[in-house]
Structures are given as structure tokens and as C-alpha cells.
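Heads up: the structure comes next, in C-alpha cells.
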Amino acid sequence: MAVILIGTVLGLFWVFSDLATDYGVLGWIIFAIVVIPLYAIGEELGSRVLSEETGRRISDRSFSWKRILVALLLFIGMFGTAAAIYFAIRS
């Protein structure tokens, strides 16, 4: 599950790094204003959703497709939000 969280963070940096380099200092300021809160929100959601307690509530099995689906939906939601913000700023 940590791989999904790390992938989300790296995806956010990849999406917004293009914006930051294109707009110079203003781009880096927007990058800091947008990515840092998204990272903090993602970290909090990840710690809550991917905790052992929440995992046990989703499924009692040691390997569960339900838990993988929840983590995947979290990843898609965060990456989709980042992409929407990126395209809104770019247009």
C-alpha cells in the first residue's frame, strides 16, 4: 500500500513540475501552494484509509482485493484531482 502512496506523490510532482518550469518563479509558487496541501491531504487520507484498523474493517483476510480497490480508488481520486487542477491552471 505504501507503493501506491509513493506513486501518488511522485505523480503529483510529475504533473506539477511541468507547470512550475514553464512559468518560472510564479510556477514554483503555484506548485508549492497546490502540491503541498494535496500531499498533506493525501498523507492523511493514506494513513486513515491504509491503516491496519481500517483494513480489518474492509476485510479480515491477510490479502484482500477490496483493500486494493479502496487504495486504488484513493490513488485515482488524488491523481485525478491533481490533473484537473493542472489543466485548469494551464488553460
Side-chain angles (χ1 to χ4, degrees):
M1 296 302 174
V3 172
I4 292 175
L5 189 61
I6 291 169
T8 303
V9 171
L10 291 176
L12 289 172
F13 283 126
W14 174 73
V15 167
F16 286 104
S17 65
D18 177 47
L19 178 71
T21 56
D22 285 353
Y23 288 99
V25 174
L26 178 62
W28 284 107
I29 292 170
I30 293 171
F31 180 84
I33 291 171
V34 172
V35 172
I36 293 173
L38 280 177
Y39 174 76
I41 291 167
E43 187 72 33
E44 181 62 27
L45 283 174
S47 68
R48 288 183 183 189
V49 172
L50 303 177
S51 71
E52 186 175 338
E53 178 184 332
T54 305
R56 292 288 171 214
R57 278 190 270 155
I58 294 170
S59 176
D60 290 331
R61 296 180 182 176
S62 60
F63 178 82
S64 169
W65 287 106
K66 288 180 185 177
R67 279 188 279 189
I68 292 171
L69 180 63
V70 168
L72 186 61
L73 290 174
L74 176 67
F75 169 77
I76 290 170
M78 285 186 59
F79 199 77
T81 301
I85 292 170
Y86 172 79
F87 289 119
I89 292 171
R90 290 292 287 198
S91 61

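- One finds the CG atom of L69 at 12.0 Å from the OG atom of S59 (value rounded to the nearest 0.5 Å).
- When all heavy atoms are compared, the tightest approach of T81 to G77 is OG1-O, 2.8 Å.
- With sequence neighbours excluded, the residues forming a side chain to side chain donor-acceptor pair (under 3.5 Å) with E53 are R57, listed by chain and number.
- No more than 12 heavy atoms of other residues, nucleotides or ligands sit less than 6.0 Å from atom CZ of R61.
- With sequence neighbours left out, the salt bridge (Lys or Arg N to Asp or Glu O under 4.0 Å) criterion links E44 to R48.
- Applying the ring pair (Phe, Tyr, Trp, His ring centres under 6.0 Å) test to every pair with at least one member in residues 47-73, sequence neighbours left out, gives these pairs: F63-W65.
- In this structure I58 satisfies the side chain to side chain contact (heavy atoms under 4.5 Å, CB included) test together with T54, K66, R67, V70, sequence neighbours excluded.
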